[in-house]
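Quick one: the structure is below, and I'll ask about it shortly.
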Amino acid sequence: SKTVDTTGSLPEDLAEPYLGHTLSLKIIECDRERGRVVFSERAALAEAGSRNQLLKHLQTGDCITGAVTNITDFGVFVDLGGVEGLIHVSEISWGRVRHPADVVRYGQHLRVYVISVDQERSRVALSLKHLYPNPWDTAETRYYPGLVADAVITSIVPFGVFARLEEGLDGLIHISEIHQDNEHANLEELFYEGQLVKVRVLHVDASNQRLGLSTIIDS
C-alpha cells in the first residue's frame, strides 16, 4: 500500500503499477492553506473491525512498527496498519530537534513506543526517545564543571550555539562564553553545523535538561 501526497508525485517505478487503475483511498490530511491533500491506500483498505481491534489491543508500553506517512512542524504521523499515530516533536529525541524532517523521512519504517491510546478519539501517541535510556538520568555522574570534552555543533541561534556531547545531550554555548580575538565576527563566521569543537562544561542541570558550555575559538 502507498500513501500519496498530491503536492508531489510518486517515483516512476512506484507509480507505474497504479497507472490506469481505480484506487480506494482515505484522506488522512487536508491543508487548504498549502493546497495539500494526503491520501492513504493502507488506511482505506483497513476494515473498521480490524482498526477497532488494533486500537483495542494497543497498550501503553507496547512497541510496534509503522511507516511514516506525514511530517509536520509539530511531529510525525505513523501508519500502524490503518491507525495513524503521532510522534510529537518532543518525543523524537532526548536532545534538541529543530524539525522532525531532520531526523526521519517520508515512507521510513520506524519502531515506536506507545505512550497512550485514546480509543474514543482514535488517537495514538507515540515516542521514539522512549525506546532508549534517557541520557540525562546519568548526565551528572559523567559530566561535571571543568570537564573538557569534544562536542558537535548542532545549531546556531542569536544568543549562542548548541553543541552535542552525545546523542540526546545538547548543551548551550552562550554568546558570552564564546572567546574570540575578533569581537566583530558573527556566529556564522565562527561556527557551522557539524563542526567538532572542544568545550568546557560549566554546569549540568539534569532535572531541567540544561547543560552550560564554554569554548575557545581560534580566529
Side-chain angles (χ1 to χ4, degrees), residues 59-66 68 71-76 78 85-105 108 110-117 124-181 183 185-219:
Q59 296 181 356
T60 298
D62 285 349
C63 293
I64 189 170
T65 300
V68 175
I71 301 174
T72 69
D73 293 340
F74 59 85
V76 179
V78 179
L86 172 65
I87 308 172
H88 190 268
V89 63
S90 64
E91 290 295 330
I92 292 177
S93 171
W94 291 110
R96 295 181 73 253
V97 176
R98 291 186 305 172
H99 194 281
D102 295 335
V103 182
V104 302
R105 67 182 184 277
Q108 181 179 357
L110 299 175
R111 184 169 174 78
V112 293
Y113 177 94
V114 178
I115 299 176
S116 64
V117 180
V124 182
L126 305 171
S127 175
L128 281 178
K129 72 181 187 182
H130 277 86
L131 293 173
Y132 309 96
N134 184 352
W136 289 101
D137 289 342
T138 57
E140 292 181 349
T141 64
R142 293 177 292 114
Y143 298 98
Y144 51 85
L147 177 70
V148 175
D150 291 327
V152 177
I153 301 300
T154 55
S155 63
I156 302 171
V157 293
F159 51 86
V161 296
F162 283 93
R164 180 163 297 167
L165 292 177
E166 61 180 73
E167 185 61 37
L169 282 183
D170 291 66
L172 171 65
I173 307 173
H174 191 269
I175 193 168
S176 63
E177 294 296 336
I178 297 175
H179 306 288
Q180 53 180 301
D181 293 335
E183 297 181 357
N186 58 45
L187 295 177
E188 286 77 11
E189 293 175 334
L190 299 173
F191 298 97
Y192 58 88
E193 293 182 16
Q195 179 182 359
L196 182 65
V197 296
K198 284 284 185 182
V199 298
R200 179 177 289 105
V201 177
L202 298 178
H203 58 82
V204 183
D205 183 356
S207 60
N208 292 306
Q209 297 189 2
R210 293 181 178 177
L211 185 62
L213 306 171
S214 175
T215 189
I216 298 175
I217 301 297
D218 295 326
S219 57

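No hydrogens, no waters, no symmetry mates; every other heavy atom, side chains included, goes into these values.
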Report task. Would you mind telling me which of V124, V114, I115 makes a side chain to side chain contact (heavy atoms under 4.5 Å, CB included) with D62? Result -> V114
Query raised in the report: Any sub-3.5 Å donor-acceptor pair from S214's side-chain atoms to R200's backbone N or O?
Result: no
Query raised in the report: When you look at R98 and T154, which way does the side chain to side chain contact (heavy atoms under 4.5 Å, CB included) test go after all the steps?
Result: CA-CA 9 Å; R98 291 186 305 172; T154 55; over 6 Å; no
Requested in this report: Mind listing the closest non-hydrogen atom pair of P135 and L169 along with its distance?
Outcome: CB-CG, 3.9 Å
Query raised in the report: Which atom pair, heavy atoms only, marks the closest approach of V204 to A139?
Result: CG1-CB, 4.3 Å
Under 3.5 Å, side-chain donor or acceptor atoms of residues 206-213 against the rest of the protein: list the pairs with distances, not counting sequence neighbours.
unit_1, atom_1, unit_2, atom_2, d
S207, OG, D205, OD1, 2.8
N208, ND2, D205, OD2, 2.8

Query raised in the report: In a check of side chain to side chain contact (heavy atoms under 4.5 Å, CB included) between V78 and each of I64, L126, L86, which one passes?
Result: L126
Query raised in the report: Would you find a donor on one side and an acceptor on the other, under 3.5 Å apart, between the side chain of S127 and the backbone of Y113?
Result: no
Query raised in the report: Do the side chain of Q195 and the main chain of Y192 share a donor and acceptor less than 3.5 angstrom apart?
Result: yes
**Report entry** Heavy-atom pair with the smallest gap, counting every atom of A151 and L165
**Finding:** CB-CD2, 3.8 Å
Show me, pair by pair, the donor-acceptor contacts under 3.5 angstrom made by side chains of residues 143-150, not counting sequence neighbours?
unit_1, atom_1, unit_2, atom_2, d
Y143, OH, E166, OE1, 2.7
D150, OD1, K198, NZ, 3.1

Query raised in the report: Between E91 (side chain) and H88 (backbone), is there a donor-acceptor pair under 3.5 Å?
Result: no
**Report entry** Check: L128 and V76 side chains under 4.5 Å, non-hydrogen atoms
**Finding:** no
Query raised in the report: Hey, what's the ring geometry for H130 with W94, parallel, tilted or perpendicular (30° and 60° as the breaks)?
Result: tilted
**Report entry** Side chains of S155 and R96, donor plus acceptor under 3.5 Å
**Finding:** yes
**Report entry** Check: R111 main-chain N/O paired with T65 side-chain donor or acceptor under 3.5 Å
**Finding:** no
Report task. Looking only at non-hydrogen atoms, find the nearest pair between I173 and A163 and report the distance. Result -> CD1-CB, 4.1 Å
Report task. Work out which heavy atom in P100 is nearest to a heavy atom in I92; give both atom names and the distance. Result -> CB-CD1, 3.7 Å
Query - R142 atom CZ, neighbour heavy-atom count above 12 within 6.0 Å - result: yes
Report task. Report the residues that fulfil side-chain hydrogen bond (donor to acceptor under 3.5 Å, both in side chains) with H203, sequence neighbours left out, ordered by chain and then residue number. Result -> none
Requested in this report: Heavy atoms only: give me the nearest V157-V161 pair and the separation to one decimal.
Outcome: CG2-N, 4.4 Å
**Report entry** Nearest-0.5 Å distance, CG of residue D170 to OG of residue S93
**Finding:** 7.0 Å
Report summary line: To the nearest 0.5 Å, atom CD1 of I153 lies from atom CG of L187 at 10.0 Å
Report task. Check step by step if side chain to side chain contact (heavy atoms under 4.5 Å, CB included) holds for I87 and V104. Result -> CA-CA 11 Å; I87 308 172; V104 302; over 6 Å; no
Query raised in the report: Looking only at atom types and distance, does a side-chain atom of K129 sit under 3.5 Å from a main-chain N or O of S90, one as donor and one as acceptor?
Result: yes
Query raised in the report: Looking at OG1 of T215 and CG of L202, how far apart are the two atoms once the value is rounded to the nearest 0.5 Å?
Result: 10.5 Å
